[in-house]
Q: 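Just passing along the structure, written as structure tokens.
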Amino acid sequence: MPELPEVETTRRGIEPHILNRKIANVVLRERKLRWPVPAKLPANLVGNSVQSVKRRAKYLLIDMGNGTLMIHLGMSGSLRIVPKSALPEKHDHADFQFDNDKILRYRDPRKFGCILWIAEDLNQHPLLSKLGPEPLADEFDSDYLFALSRKRKAPIKTFIMDGHMVVGVGNIYANEALFRAGIRPTRQAGSLSKVKTRLLVSTIKKVLAEAIQVGGTTLRDFIGGDGEPGYFKQSLAVYGRAGLPCVKCGGILKEIRQGQRSTVYCGKCQR
DNA sequence: AAATCTCCCTGTAGGC
DNA sequence: TGCCTACAGGGAGATT
């Protein structure tokens, strides 16, 4: 599923194909996503050129000059560049056809993603205005997280997955970062020492940066690729490994549920 | 304010 | 083999 590294990989993959390119046509086959795709979207887009391709949290932000095309991949979405001749398949909900005979094609089987148009100031938009800092930005440091977490009783895993605190830390990377940092996911956020907080912050950054690096490998054959991350799976130490031995101590990994999400951890290595 | 719950959706896996 | 059900999950919005 697309986590922050996959969204960033997607951004880097599509940017060279669409930057400064003019949109010639837009086809919407399914408008019922997380929120309805605006019917006026084609009118906003056709004839305009892509000014920039950015990312905020897991939102892709395509600046069209007269507004911004905002796309979220949900948990099953993908964006790919395909030739104009490529026939749409099941779940290919939207095509953005460019003047170079390439199509930016959106697919999302579970329809948890969204395609929206933002005409006003991006920073004022309700989906973006309350987001925490980017995990890889300097702004996200141990002083910030330590101050924010004081007196907070929520489990640390839930806390770092909350987009108000820091964006882009999904279930997979929250599990992995907490394992690598040796922190039990159920611990109250406010109970972490300054030292542990520093370790957690640096570990989150490291895990995400590593995953983006691996995504970069996928990037090269992005056009022909199937859109699946694949590569980082082999470096997962806990996610999806419940009941299997811990890679550090050999103990059996436990699985619990926190906030409707599965958590896997080592009861011995994570305290 | 903070914490928790609900819901959107379909492919996949497991049971029989 | 095929049908049926449970489940996964990002994250906004509602509820406690």
Side-chain angles (χ1 to χ4, degrees), chain A residues 1-11 28-38 55-61 70-79 88-94 106-116 118 122 124-135 145 147-178 185-192 204 208 211 226-230 232-233 236 238-244 255-264:
Chain A
M1 72 219 60
E3 293 238 12
L4 186 139
E6 289 70 55
V7 178
E8 178 59 24
T9 299
T10 296
R11 191 198 68 75
L28 303 177
R29 297 183 197 85
E30 172 63 87
R31 293 181 42 222
K32 205 163 102 22
L33 301 182
R34 177 75 158 85
W35 295 285
V37 181
R55 178 187 59 75
R56 175 75 175 102
K58 294 177 188 169
Y59 292 100
L60 286 165
L61 301 168
M70 180 161 80
I71 298 177
H72 198 290
L73 301 177
M75 57 166 294
S76 61
S78 63
L79 273 173
E89 295 176 27
K90 198 177 180 185
H91 307 305
D92 285 343
H93 305 317
Y106 179 88
R107 175 181 299 182
D108 186 3
R110 296 187 192 178
K111 301 178 187 170
F112 276 18
C114 65
I115 301 176
L116 298 172
I118 307 179
L122 277 185
Q124 310 264 318
H125 194 277
L127 291 174
L128 302 176
S129 63
K130 289 170 187 168
L131 293 178
E134 288 288 322
L145 195 67
L148 201 63
S149 60
R150 290 312 87 185
K151 296 181 182 174
R152 297 296 293 261
K153 296 187 191 304
I156 185 61
K157 184 194 174 220
T158 311
F159 193 75
I160 58 173
M161 286 181 71
D162 185 338
H164 298 106
M165 313 305 160
V166 58
V167 301
V169 183
N171 197 36
I172 294 174
Y173 295 107
N175 274 298
E176 295 302 313
L178 288 166
T186 50
R187 271 188 64 174
Q188 293 188 354
S191 76
L192 263 65
I204 288 172
L208 289 174
D226 58 4
E228 290 299 314
F232 70 79
K233 273 185 184 169
L236 295 180
V238 286
Y239 184 83
R241 296 197 64 244
L244 297 174
E255 179 164 31
I256 59 171
R257 294 196 69 76
Q258 292 179 290
Q260 322 298 101
R261 298 288 180 288
S262 84
T263 296
V264 185

Q: Whether A/His72 contacts C/dG11 is assessed here as follows: a side-chain N or O lying under 4.0 Å from the phosphate OP1 or OP2. Is that the case?
A: yes
Q: Considering heavy-atom distances to DNA chain B, does A/Asp108 or A/Lys153 have its closest nucleotide positioned more toward the 5' end?
A: A/Lys153
Q: Return the value, rounded to whole Å, for the distance between atom CD1 of A/Ile256 and atom P of C/dC7.
A: 17 Å
Q: Can you tell me the distance, in whole Å, between the NE2 atom of A/His164 and the C1' atom of C/dA12?
A: 9 Å
Q: Distance check, rounded to the nearest 0.5 Å: A/Tyr239 atom OH versus A/Ile172 atom CD1?
A: 4.5 Å
Q: Contact class for A/Lys130 (heavy atom, under 4.0 Å): base, sugar-phosphate, or nothing?
A: nothing
Q: A/Arg150 CZ to B/dA1 C1': how many Å, rounded?
A: 18 Å
Q: On DNA chain B, nearest-nucleotide positions of A/Arg261 versus A/Pro109: which is more 5'?
A: A/Arg261
Q: Base, sugar-phosphate or nothing for A/Leu127? Non-hydrogen atoms, less than 4.0 Å.
A: sugar-phosphate
Q: Hey, does the side-chain of A/Arg110 have a donor or acceptor N/O within less than 3.5 Å of a partner on the base of C/dG10?
A: no
Q: Scan A/Lys151 against the nucleic acid and name what it touches under 4.0 Å (heavy atoms): base, sugar-phosphate only, or nothing.
A: nothing
Q: Measure CD/A/Glu30 against P/B/dC9 and give the value in whole Å, please.
A: 10 Å
Q: Just N and O in the side chain of A/Tyr239: are any of them under 4.0 Å from OP1 or OP2 of C/dG9?
A: yes
Q: Should A/Met161 and A/Gln258 count as side-chain neighbours, where that means a heavy-atom distance under 4.5 Å?
A: no
Q: Kindly state whether the pair A/Phe112 / C/dG10 counts as stacked, where counting means centroids closer than 5.5 Å and planes tilted less than 30° apart.
A: yes
Q: How is A/Tyr59 classified with respect to the nucleic acid when contacts are heavy atoms under 4.0 Å: base, sugar-phosphate, or nothing?
A: sugar-phosphate
Q: Once you apply a heavy-atom cut-off of 4.0 Å, does A/Ser76 come out as touching a base, just sugar-phosphate, or nothing?
A: nothing
Q: Mind calculating the distance between CG (A/Leu73) and P (C/dG9) to the nearest angstrom?
A: 17 Å
